[in-house]
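Report on the structure given below.
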Amino acid sequence: MQHDLIAQARTWLAEDPDPETRAELGAIIEAGDTQELAARFAGTLQFGTAGLRGELGAGPMRMNRSVVIRAAAGLAAYLKAQGEEGGLVVIGYDARYKSADFARDTAAVMTGAGLRAAVLPRPLPTPVLAYAIRHLGAVAGVEVTASHNPPRDNGYKVYLGDGSQIVPPADGEIAAAIAAVGPLADVVRPEDGWQTLGEEVLEAYLARTDAVLAAGSPRTARTVYTAMHGVGTSVLTAAFARAGFPEPVLVAEQAEPDPAFPTVAFPNPEEPGAMDLAFATARRAAPDLIIANDPDADRCAVAVPDTATEGGWRMLRGDEVGALLAAHLVERGATGVFAESIVSSSLLGRIAEKAGLGYEETLTGFKWIARVDGLRYGYEEALGYCVDPEGVRDKDGITAALLVAELASVLKEQGRTLLDLLDDLALAHGLHATDQLSVRVEDLSVIADAMARLREQPPTALAGLAVTSAEDLSRGTDRLPPTDGLRYHLEGARVIVRPSGTEPKLKCYLEVVVPVADAAGLPAARARGAELLDGIKRDLAAAAGI
């Protein structure tokens, strides 16, 4: 076993094109660290509907140039098998460690395989790549990013020519093509021959961002903005300037790209502490709202002044922003279909129904939301919003920020706030309170065990509310294809449990709906909602053994 591991590692080492990971693996072999070798050679990073994502390092279970070259070669083979010989592949990348290298390797592989490749001019938001695919008539796109994962991670996200992320069966077919790639020496990688795009592709995207705003709408909201050490600052500030909003006050410590993400444990606005510097900046600048992007700027977080919250600022939940944007679009006379994933709040369906609009629920992820026929607006509770599906068929943290700022400006002119509009929605549809029980694990078997336990002994009540129906989503439903998840309907509540598709986490999505008769009843309804959510969290954790 030990001998096999070392032989396998030496074979990998011999074809690794990166001096950095070669040195790293050489040192592990030299030290005879079979435990570390076993972790890196236990299999290969699996290519799925999120593409690839993992920790940087040497070996097939890590993100590195060897793994990326194989992924690119497999994707090229898949595209050619689909009859796309000579087609254009657009490649974007963020500012993480190795992102530019992975983008260049992908361009070289595509060129060597007889496809055309074009690389975005510099590290830019993921939505710019999603836009560029359709704008340039590409047959596919690749974005090198690990989004909001920890600093040592990177990833590889694949889009097809419709501008949306891959879904089955394409993911499985690409994975099979990657597995069929032979020795790296046989993968043709010329030194040049691809195009590096100029700023005109970004200009075209920025020109498109204006389309999300209503002509002549107020543009007075003042914002504090953080890019969370990612690539959003230059693009968001340019979009705000074009639209005529006041220049955002930047969270200086987080404004420039930095792959070390030095001020945050996890560069995700949802994580505890990630917004602390933004709150501190807002207390000095006294804006109308805080806007945050994640590092690749496809997500958008919003915080608002709230005297009832310690520190004076409150992060809105993704479901709250999702409902606010929906209400704003309805007010503007939007037509078409509103869509969300099954883990997001049922409030969107009620807003759409009252407005006489179509409504669809999909599996988790914008790869599904973006494919809804007639889509006008889609969102997911994890801070993702698609507000211009004709321009970007994916979540877009830049255009979402513009729309939030427009809504805040409209309300400001009326002497109202985003919190006032949330109250209106609660009075119209009931108070929809949502929360999440999220458990990060070192050992993935903890997640598998929890799912097995819930399947074998499903809860009959949570927080004193009877479970009225339970669905094992792995069997599929009449409206949804199979996915690893469980859904419980309770009296006035809903719970969904699923393993994360991108991180080592078990995620449980909770929603309670509390009727509200009038404005005077809102505080009691909020208290009741919080009490029920806490009870469901406690009882669900016990039932799952986590």
Side-chain angles (χ1 to χ4, degrees), residues 217-228 232-233 236-237 240 243-255 263-264 268-294 299-328 331 345 347 379 381 383 385 397 400-427 431-435 516 519-520 522-523 525-527 529-530:
S217 63
R219 314 277 166 94
T220 55
R222 294 173 305 109
T223 56
V224 156
Y225 171 72
T226 176
M228 208 66 68
T233 297
L236 181 129
T237 52
F240 270 54
F245 287 104
E247 185 178 352
V249 175
L250 301 181
V251 177
E253 303 93 329
Q254 298 175 335
T263 68
V264 288
N268 177 355
E270 294 179 293
E271 292 282 351
M275 294 289 286
D276 287 356
L277 286 170
F279 293 150
T281 305
R283 284 192 280 272
R284 294 192 299 270
D288 298 304
L289 70 164
I290 297 170
I291 287 173
N293 287 139
D294 67 339
R299 296 169 194 244
C300 176
V302 180
V304 294
D306 184 2
T307 52
T309 302
E310 187 182 345
W313 282 85
R314 173 162 90 82
M315 264 278 283
L316 296 181
R317 301 193 70 81
D319 283 319
E320 292 176 311
V321 177
L324 287 168
L325 291 179
H328 181 47
E331 186 66 26
S345 171
L347 178 55
Y379 98 91
E381 57 75 45
L383 311 182
Y385 314 94
L402 285 170
L403 203 59
V404 169
E406 179 184 62
L407 172 57
S409 301
V410 169
L411 292 167
K412 187 177 178 180
E413 291 221 333
Q414 301 167 359
R416 304 174 74 234
T417 67
L418 295 175
L419 293 179
D420 293 327
L421 181 52
L422 284 174
D423 285 350
D424 292 350
L425 291 172
L427 292 172
L431 178 81
H432 288 62
T434 59
D435 203 353
V516 193
L522 279 168
R526 283 205 184 87

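Judged purely by atom type and a 3.5 angstrom limit, Asn293 uses its side chain to pair as donor or acceptor with the backbone of Gly397. A distance-only check finds no donor-acceptor pair linking the side chain of Glu271 to the backbone of Asn268 [under 3.5 Å]. Under a 3.5 Å cut-off, the side chain of Tyr385 and the backbone N or O of Ala401 do not form any donor-acceptor pair. Between the Asp306 side chain and the Trp313 main chain, no donor and acceptor come within less than 3.5 Å of each other. Side-chain atoms of Arg219 do not come within 3.5 Å of backbone N or O of Phe240 as any donor-acceptor pair. The backbone N or O of Leu419 sits less than 3.5 Å from a side-chain atom of Thr417, completing a donor-acceptor pair. A donor-acceptor pair is defined here as one N or O able to donate and one able to accept, closer than 3.5 Å; no such pair exists between the side chain of Thr233 and the backbone of Ala227.
Rounded to the nearest 0.5 angstrom, Leu383 CG and Met315 CE are separated by 5.5 Å. To the nearest 0.5 Å, the span separating CG on Leu403 from CG on Leu325 amounts to 5.0 Å. Taken from CG in Leu425 to CG in Leu324, the straight-line distance is 6.5 Å, to the nearest 0.5 Å. Atom CD of Glu270 and atom CG of Asp294 lie 9.5 Å apart (nearest 0.5 Å). Between the CG atom of Leu418 and the CG atom of Leu407 there is a distance of 5.0 Å, given to the nearest 0.5 Å. Rounding to the nearest 0.5 angstrom, the gap separating the CG atom in Leu289 from the CG atom in Leu411 is 10.5 Å.
Residues Thr281 and Leu250 come closest through the heavy atom pair CG2-O, 4.1 Å. Taking all atoms of both residues into account, the shortest heavy-atom contact from Pro269 to Ala301 is CB-CB, 3.5 Å. Across Thr434 and Arg317, no two heavy atoms sit closer than the pair O-NE, 3.0 Å. A pairwise comparison of heavy atoms in Leu422 and Arg314 identifies CD1-NH2, 4.2 Å as the closest pair. Phe279 and Ala303 get closest at one heavy-atom pair: CE2-CB, 3.8 Å. When all heavy atoms are compared, the tightest approach of Ala278 to Ile290 is O-CD1, 3.7 Å.
Within the 4.5 Å cutoff, the side chain of Leu236 has heavy atoms near those of the Pro248 side chain. Inter-residue side-chain proximity for Asp424 and Arg416 is flagged as met; some heavy-atom pair is nearer than 4.5 Å. At least one side-chain heavy atom of Asp423 sits under 4.5 Å from a side-chain heavy atom of Arg526. The side-chain heavy atoms of Thr237 and Glu247, taken from C-beta on, include no pair separated by under 4.5 Å.
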Quiz item: Are Gln254 and Val264 close enough, and set up right, to give a side-chain contact (heavy atoms from CB on, under 4.5 Å), and what steps lead you there?
Solution: CA-CA 9 Å; Gln254 298 175 335; Val264 288; 3.7 Å; yes
Practice problem: Quick one: do Phe245 and Leu402 satisfy side-chain contact (heavy atoms from CB on, under 4.5 Å)? Show the steps, please. | Solution: CA-CA 9 Å; Phe245 287 104; Leu402 285 170; 3.9 Å; yes
Practice problem: Apply side-chain contact (heavy atoms from CB on, under 4.5 Å) to His432 and Glu320, showing your working. | Solution: CA-CA 9 Å; His432 288 62; Glu320 292 176 311; over 6 Å; no
Practice problem: Show your reasoning for whether side-chain contact (heavy atoms from CB on, under 4.5 Å) applies to Val304 and Leu316. | Solution: CA-CA 7 Å; Val304 294; Leu316 296 181; 3.9 Å; yes
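A donor atom on one side chain and an acceptor atom on the other are found under 3.5 Å apart for Glu406 and Ser217.
When the shell of 6.0 Å around CD of Glu310 is examined, it contains 12 or fewer heavy atoms from other residues, nucleotides or ligands.
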